[in-house]
Amino acid sequence: MSFPLLTATAAVPAIGAIVTAAVPAARRTAAKWIALTFSLATLALAVTALVRFEPGGDRYQLTESHAWISDFGVRYELGVDGIGVSLLALTALLIPFVILAGWHDADPLETKSSRWRPTQGFFALILMVEAMVILSFEATDVFLFYILFEAMLIPVYFLIGGFGDRAHAGGDEAGATQRSYAAVKFLLYNLAGGLIMLAAVIGLFVSAGTFSLTEIAEARANGTLDMSTGMERWLFLGFFFAFAVKAPLWPVHTWLPNAMGEATAPVAVLITAVVDKVGTFAMLRFCLQLFPEASKWATPVVLVLALISIVYGALLAVGQRDIKRLIAYASISHFGFIIMGIFAMTSQGQSGATLYMINHGISTAALLLVAGFLISRRGSRLISDYGGVQKVAPVLAGTFLIGGLATLSLPGLAPFVSEFLVLVGTFSVYPVIGIIATVGIVLAALYVLVLYQRTMTGPVNESVRDMPDLRLRELAVVTPLIALLLFLGVYPKPLTDIVNPAVEHTMSDVQKSDPKPEVEAAP
């Protein structure tokens, strides 16, 4: 039997979480290095999977299939297409930076040792989230995916509520209250979506007689799938609602600003750049592939919701006073672009949406982590508490600017390519929606440049006069992310070569083709 590479990519961080949590309380530094080592080993396995993946080969590759819960038809089935392997690589890439950036975030405020080991727990939870997210990108059994989809909520809940941001204007007591509120809100919203999805998962099994994604797809292709139009639409709505909450999509988005605002910057990156991608990925893998007719039926409403997310998120970002909440609302706007590209159902739109998932993960990680370094120095998330930072910490200000410019999709940086493809793919079939969506681009320039102006330029605020510039560890976090933004902005071909064949399969699932351009005959 060949080496189970996909299982290994999830097993290594899971084992790392157990080992990290077992480190004695006094060996906090050792726990950090162990977590970092396991995350780098996972990255090496993910790169191996990316190299072994053949873009022109079978739809699902590196497959594994084993009996699991035979009485209920549940199997342990894994496989990746171009989209799944790309997001697997993104997850494995970001986790080492998350660990490095959060190196001191869980250090105890007092030097006295205790039986509670917060540092070990913090890094163990991060690795556990990584394991579950990676496995969710690989799962081709619907029930297995559902279990992972729900289970990843538990470690994220503790990361928000137990290891939240200490920079709170209301003091420690108010901060603890807000962290608990944000964690509970995150959990309740996502559990509600998951429970509705569970009903849809059961309905799918009753209709199809299997949880296997590939078997259901084959039955649909052969015309042997016994599923009425009404049943397909109800099942689609059950799956889509859960994914829309996770994504998040307006109006079920309100948990994200609270969660990102109260979490530490590395955990906020984990939420929006890693965990939330499971929602948009699942729309492509499960909604469109399992319920193609229902997906086309729901497209007009989904596009309107995505459009509202784009404009609404950008407008609220403009008015924010909290740095991290501004980035959270910007992410809601960006997820609107991703979902719009998926449901435009053109090859350009879906390629752009997939690239957007990856590029948004990199750009948001760069901006949020630098913002976290800034907040940790000043001890405040309020924009009004800063000013003139570029005069005392020019490298910090410069990297913050590049992250911001990537967020507004400046040409030459990676997100521009994906946003452009989404808009082209949408405009070709829904020109009015494509035109209105460009408002989000204008507003993005406004909130990013105003944020930079108020924090980095002007007179030096007394509270930041002695602010140190980025340290070596922080540069090691930011520099590779900026290099990736520049490289993929100039040369996205390595990604498009992997993604495009998977997009073609998805287009075939929904039986859609790109509209042909209208050319007037020569007189």
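This chain uses plain numbering: 1 for the first residue, then up along the sequence. Remember, predicted model here, so these are calculated numbers, not experimental data.
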Do the ring centers of F337 and H360 come within less than 6.0 Å of each other? no

Charged N to carboxylate O below 4.0 Å: is that the case for R325 and E262? no

Which value, rounded to the nearest 0.5 Å, describes the distance between F487 atom CZ and I362 atom CD1? 11.0 Å

Side chain to side chain contact (heavy atoms under 4.5 Å, CB included) test vs V98 passes for just one of T264, V269, L368, namely V269

Output, in order, the C-alpha distance, side-chain angles, deciding distance and verdict of side chain to side chain contact (heavy atoms under 4.5 Å, CB included) for I216 and Q289. CA-CA 9 Å; I216 296 172; Q289 187 173 346; over 6 Å; no

I'd like to check F335 versus L249 (side-chain heavy atoms, cut-off strictly below 4.5 Å). Are they in contact? no

Smallest heavy-atom separation, Y157 atom then V184 atom, equals CE1-N, 4.0 Å

Can you name the nearest heavy-atom pair linking A247 to I339, along with the distance? CB-CD1, 4.0 Å

Are side-chain N/O atoms of N500 and S351 paired as donor and acceptor at under 3.5 Å? yes

Does the side chain of V278 come within less than 4.5 Å of F243's, by heavy atoms? no

Hey, does the side chain of K277 reach the backbone of L87 with a donor-acceptor pair shorter than 3.5 angstrom? no

Test your reading of the model: is there a side-chain donor-acceptor pair from D81 to the backbone of R59, 3.5 Å cut-off? no

Can you tell me how the ring of F143 sits relative to the ring of F211, calling it parallel under 30°, perpendicular over 60° and tilted otherwise? tilted

Main chain of G79, side chain of T63: is a donor-acceptor contact present, judged purely on distance under 3.5 Å? no

List the atom of W255, the atom of V245, and the distance in Å for their closest heavy-atom pair. NE1-O, 2.9 Å

Do L45 and V12 have side chains that get closer than 4.5 Å, going by heavy atoms? yes

So, R75 and D141, do they make that salt bridge, N to O below 4.0 Å? no

Quick check against the 3.5 Å criterion: does E474 have a side-chain atom that pairs as donor or acceptor with the backbone of F373? no

Under a 3.5 Å threshold, yes or no: a donor from one side chain and an acceptor from the other, between T280 and Y356? no

Taking it one step at a time, do T42 and I134 satisfy side chain to side chain contact (heavy atoms under 4.5 Å, CB included)? CA-CA 10 Å; T42 305; I134 285 177; 3.7 Å; yes

Assess the residue pair S65 and Y76 against the criterion (side chain to side chain contact (heavy atoms under 4.5 Å, CB included)); give the C-alpha distance rounded to whole Å, side-chain angles, the decisive distance to 0.1 Å, and a yes or no. CA-CA 6 Å; S65 181; Y76 176 80; over 6 Å; no

Looking only at side chains, do E138 and T9 share a donor and an acceptor under 3.5 Å apart? yes

Quick check: do W68 and E77 have side-chain heavy atoms less than 4.5 Å from each other? no

Would T7 and E64 count as having a side-chain donor-acceptor pair, cut-off 3.5 Å? yes

Shortest non-hydrogen contact from E232 toward A294: OE2-N, 3.1 Å

Taken to the nearest 0.5 Å, the spacing of F123 CZ from L127 CG works out to 9.5 Å

Of L135, L88, V85, which is the lone residue that meets side chain to side chain contact (heavy atoms under 4.5 Å, CB included) with L6? L88

Check whether R285 reaches the backbone of A139 with its side chain - one donor and one acceptor, N or O, closer than 3.5 Å. yes

The reported gap from CD1 in I342 to OG1 in T506 (rounded to nearest 0.5 angstrom) is 9.5 Å

Specify whether F149 and F145 have parallel, tilted or perpendicular ring planes, treating 30° as the upper limit for parallel and 60° as the lower limit for perpendicular. tilted

To the nearest 0.5 Å, how far apart are CZ in F240 and CZ in F286? 15.5 Å

Taking the six-membered ring for Trp and the full ring for Phe, Tyr or His, determine whether the centres of F281 and F137 are under 6.0 Å apart. yes

Have S212 and T210 got a donor and an acceptor in their side chains that come within less than 3.5 Å? no

Gap between atom CG of L421 and atom CD of E419 - 0.5 Å precision: 10.5 Å

Smallest separation among heavy atoms of A101 and R473, with atom names: O-NH1, 3.6 Å

With heavy-atom distances below 4.5 Å as the criterion, would you say the side chains of L484 and L93 are in contact? yes

Side-chain contact test, heavy atoms from C-beta onward, threshold under 4.5 Å: evaluate it for S39 versus L36 and give yes or no. yes

For a side chain to side chain contact (heavy atoms under 4.5 Å, CB included) check, start with the C-alpha distance between Y329 and L256, then their side-chain angles and the critical distance, and finish with the verdict. CA-CA 8 Å; Y329 280 110; L256 182 66; over 6 Å; no

From E54 CD over to L62 CG, what is the distance, rounded to the nearest 0.5 angstrom? 9.0 Å

Side-chain donor/acceptor of S508 to backbone N/O of E504, under 3.5 Å: no

Whether the side chain of S363 engages the backbone of T407 through a donor-acceptor N/O pair (distance < 3.5 Å, no angle test) should be reported. no

Determine yes or no for a side-chain-to-main-chain donor-acceptor pair under 3.5 angstrom, with K32 supplying the side chain and W103 the backbone. yes

F163 side chain reached by D105 side chain, heavy atoms, under 4.5 Å: no

When you measure from the side chain of S136 to the backbone of L148, do you find a donor-acceptor pair of N or O atoms at a distance under 3.5 Å? no

Side-chain touch L198/I202, heavy atoms, less than 4.5 angstrom: yes

With no hydrogens and no angle check, is any side-chain donor or acceptor of T479 less than 3.5 Å from a backbone partner on A476? no

Give the minimum heavy-atom separation between A268 and M260, together with the two atoms involved. CB-O, 4.0 Å

